[in-house]
Every structure is written in structure tokens, then in C-alpha cells.
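Worksheet for the structure shown next.
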Amino acid sequence: MLLAGGTVIDVDGMRVADVRVGADGRVAAVGPALAAVGAESVLDCANTFVVPGGVDVHTHMHLPVGAVRVSDDFDTGTRAAAIGGTTTVIDYVTAYRGEDPFHALATWRRWAEPACVDYGLHMTFTERVAERVIAGCVEAGVTSFKLYMAYPELLQVDDDVILEVMQLATRHGGLVTLHCEDGGAIEALRRQALAEGRTGVMEHAKTRPAALEAAAVERAAALAEAAGASLYVVHLSSAPALAAVREARDRGVDVLAETCPQYLYLDTARLAGPDGDSFVCTPPLRDPWHVEELWHGLATGAIHTVATDHCPFNVADRRAGLRARPNGAADFTEVPGGLPGIETRMGLVWEGVTSGRITAEDWVRLCAEAPARAFGCWPEKGNLRVGADADVVVWDPQRRQSLAARALHMAVDHSPYEDVVVTGWPSLVLSRGDVIARDDRYVGEPGRGRYLSRRARS
Ligand code: MN
């Protein structure tokens, strides 16, 4: 297939060029005015952008959370991803305390079999681990390790574990990703709120203040510095936390930062509405002034990647949490937290291009190139150079798309962007040369996604 006459954007810049997709599913040629060969089909891509498929490096699919489960499994979630222009996902495995991490990995490998796009897995540790575990994960293509500085009951680890995992990961070519919030202080604030009868969902934001995110980023950076390690901060949500990233980087600490569309579009006011429980995510939505600071961080390179933290729950599951108290009163601590986003990321970040906050090249770098590089699936993912996987999005900048739940394909009954219509959406999506989405429909084979055995960061 020849994708002809589009404006190609990738690591080599923005230019009008044709892209030849080889029979092996890889990019065979990129250049101006390529001549069609034999029976090759030619698709006119004039007035569109031809870009590498999106790489979403922070998802949660199939995941049980308390009494419920996230509403997307790897089948529905990756179909929606494809329709929205994302052709690679990396999902988080969690090894709970006392659980063999390789058992957890096997569980996720089984859950992920129905995936329709290529997928990798990160490993989350919730306690100290032996070096052979880190080495074994790297051997299995899991080269990134997540630790939590929050949720003491289930997930949080202390600084000694963080430091050791950073050292071991570095020794074996892995990267540590951290959930940066000061979990101990947050637990105290949550206990106080409940004891004082402040149980509405606005308390979710008030008990997880930005200052405690920034403090955790500072501590994480200090640990990385002491360990001689790099650090990847997941879902950065606030201006003070971004300032902490900049400060650490200025003194030479290698800190990468990720943010998510929800922190670029939504603010705390959403928690005050009648459907406030549908906007509970962690870190919480922030006051509006943080939003512009994060966009500025994207434009200046202070933030490296935009991922989704895709973690959808249906309204009834959220409300059941909210009514958990015996008298039916709200309890913000019982709402399963997380937002849908895997389908809408490329379109929402593109809005930053049309509004002049970032460039089209930034969009490709943030959504495809940088995440592929950070997590060891570069150069086969995230660019369109010859030899790369032909994961290609033909992006129509004129195409209007509602982000209401009924107009989308994620298996969830609400949308954080119910009234939003974006301009710019894929008209065609290829994965390893297969057309998998066309005009808003998934048209690929079920379960065609392949497990990505990832390498060290590049
Ligand atoms: Mn997450």
C-alpha cells in the first residue's frame, strides 16, 4: 500500500511525503512522489497528516479494583484505542504483597491475549524484591517497574524499597516509574475529613493537595539521585510537582515526566457537580491555573509524554462506592477512582495544536515518539522510518468527533468530555501494515495484537 501525498510528521520532521507499507508490515520507503509498484494500492492522503500510531504507556485494562473491575478488557479497550489512533499500549501488572511477580505477569499475559493492538507490560512491586526477579522481568521483556508512594494499605512502599529497586533496575537496564504523592500525609487528611463528616467527593481533591504531590516528586528525585538512577514520574498533575521536576533536572537528575489529558482539560470544579463522582481520579483534578502550567510544560519539553491512565468504571460502580456508608451518605473514599481515556488522547492533545499551545511535531513526540523511546519499543514503534512497524495513522484535521460516551467505543457508560467535539480524528489506522480502523470502526481481526518484549530505554 502507498499512502500518497500526505504531510508526514515523525522524528525526521514535517514534510509532504509518501509512505510505502511493505508486505512484511513494515515501512518500506518514505519520500516525495514515490511511484506505485505493481498492483500496489494507492491511498490519496492529501490534506491529511500521516503520523506514527500513538503509544499509550499508562493503561489499566481488565483490572479488578475492590469489589468491581475496570469496564474495559483488553479487547474492548484496544479496539477503542485503535479507533482513536493509538496502536501500542503498555499496561500495568500489579504484584500484590505476598504474590509471586511472575504469577502476576502470567495472569496479565492471559488477560491481554484478546488485545487488538500491540501491547507491553510494566511490573508494579508492592514490597521488596530480589534481584533475580528484576532480572527475570527484563528477560521477559518487562523493562519498567512501578512503585507507589501512596496507598499505604495496598500498594505503598518505603524509601528503602524505592532506592533498592532503582539500583537494581538501573543495573539491569530498566526504568522505575513512580506514583508520586505523599501517602502517609494523605491518609491522615482523609481520616480527618471522614471523622469530621466531610465525606463529599470534593474532599477527594482537598485531601490530596498539590503540595503533597510536589513533596513526593522531590523525594523521588532525591532517591534517584542517590541511586544513580533515572526516574519516570507517572500522571503528573500540578504546577508545583512540575516545578519539582524542573528543579531536579536542573541539578542533573534524569527525570522524565508524564501527564494525562484529564489534567490538561478538567479541573476541580467538576467534583462539585451532581456527577462529581464520575470525575474522581488520582492524583485529583486540580484548580484551573495548574492546567495552563502543564500545557506550558508540554511545549517546553519539561513534560515528556502524554499517556492516559485509562481506568474506566461505569457510573453504577462509582455510585455504589459513593453510597457505601450505612446511612446512604456519600463517602469519597469508596468511589473507585480512574477515568476513561484510551480512545480520546490523540484527539484531545491535537486540540493543543489547533489552539496554538503546542506544535504538530510536539503532538507526535509527546504521544508516540517519546513514550516509545522511554519504554524500549523504539525504533519499531513511534516513528515512520524505513524498517519501523507500519503502525500508521492517517489523521484528518477537518474531521469532527464528539467525545460523548455514545459516540465512542470504550466499554463505559460515561465520558469526562460529554459536551466536547474535537476537530481532528483518524480516518484510517494501520497496525503492522493491517488496516485496523477506518472511519470510526474497528475493522481488524480480533486478538491480533502481539506482546512486545521491550528493551532498555533509547
Ligand atoms: Mn495508573
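Just so you know, ligand 1 is whichever comes first in the structure, and atom 1 is the first atom listed for that ligand.
Among residue pairs with one or both ends in residues 257-271, those qualifying as side-chain hydrogen bond (donor to acceptor under 3.5 Å, both in side chains) are His58-Glu258, Tyr232-Glu258, Thr268-Asp287; sequence neighbours excluded. Listed by first and then second residue, the salt bridge (Lys or Arg N to Asp or Glu O under 4.0 Å) pairs involving residues 400-416 are Arg406-Glu418 (not counting sequence neighbours). Applying the side-chain hydrogen bond (donor to acceptor under 3.5 Å, both in side chains) definition to pairs two or more places apart or across chains, those involving residues 206-215 are Glu181-Arg208, Glu213-Ser237, Glu213-Ser238, Glu213-Arg286.
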- Query: Do Thr177 and Tyr92 pass the side-chain hydrogen bond (donor to acceptor under 3.5 Å, both in side chains) test, and can you show the C-alpha distance, the side-chain angles, and the key distance before you say yes or no?
  - Reply: CA-CA 11 Å; Thr177 80; Tyr92 275 100; 3.1 Å; yes
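In this structure, Arg109 is positioned above the aromatic face of Tyr451, its NZ or CZ under 6.0 Å from the six-membered ring centre and within 45° of the axis. A cation-pi arrangement is absent between Lys146 and Phe125 under the rule of less than 6.0 angstrom and at most 45 degrees off the ring axis.
Shown here are the protein N/O/S atoms lying under 2.8 Å from the Mn ion (ligand 1), water excluded: His58 NE2, His60 NE2, Asp309 OD1.
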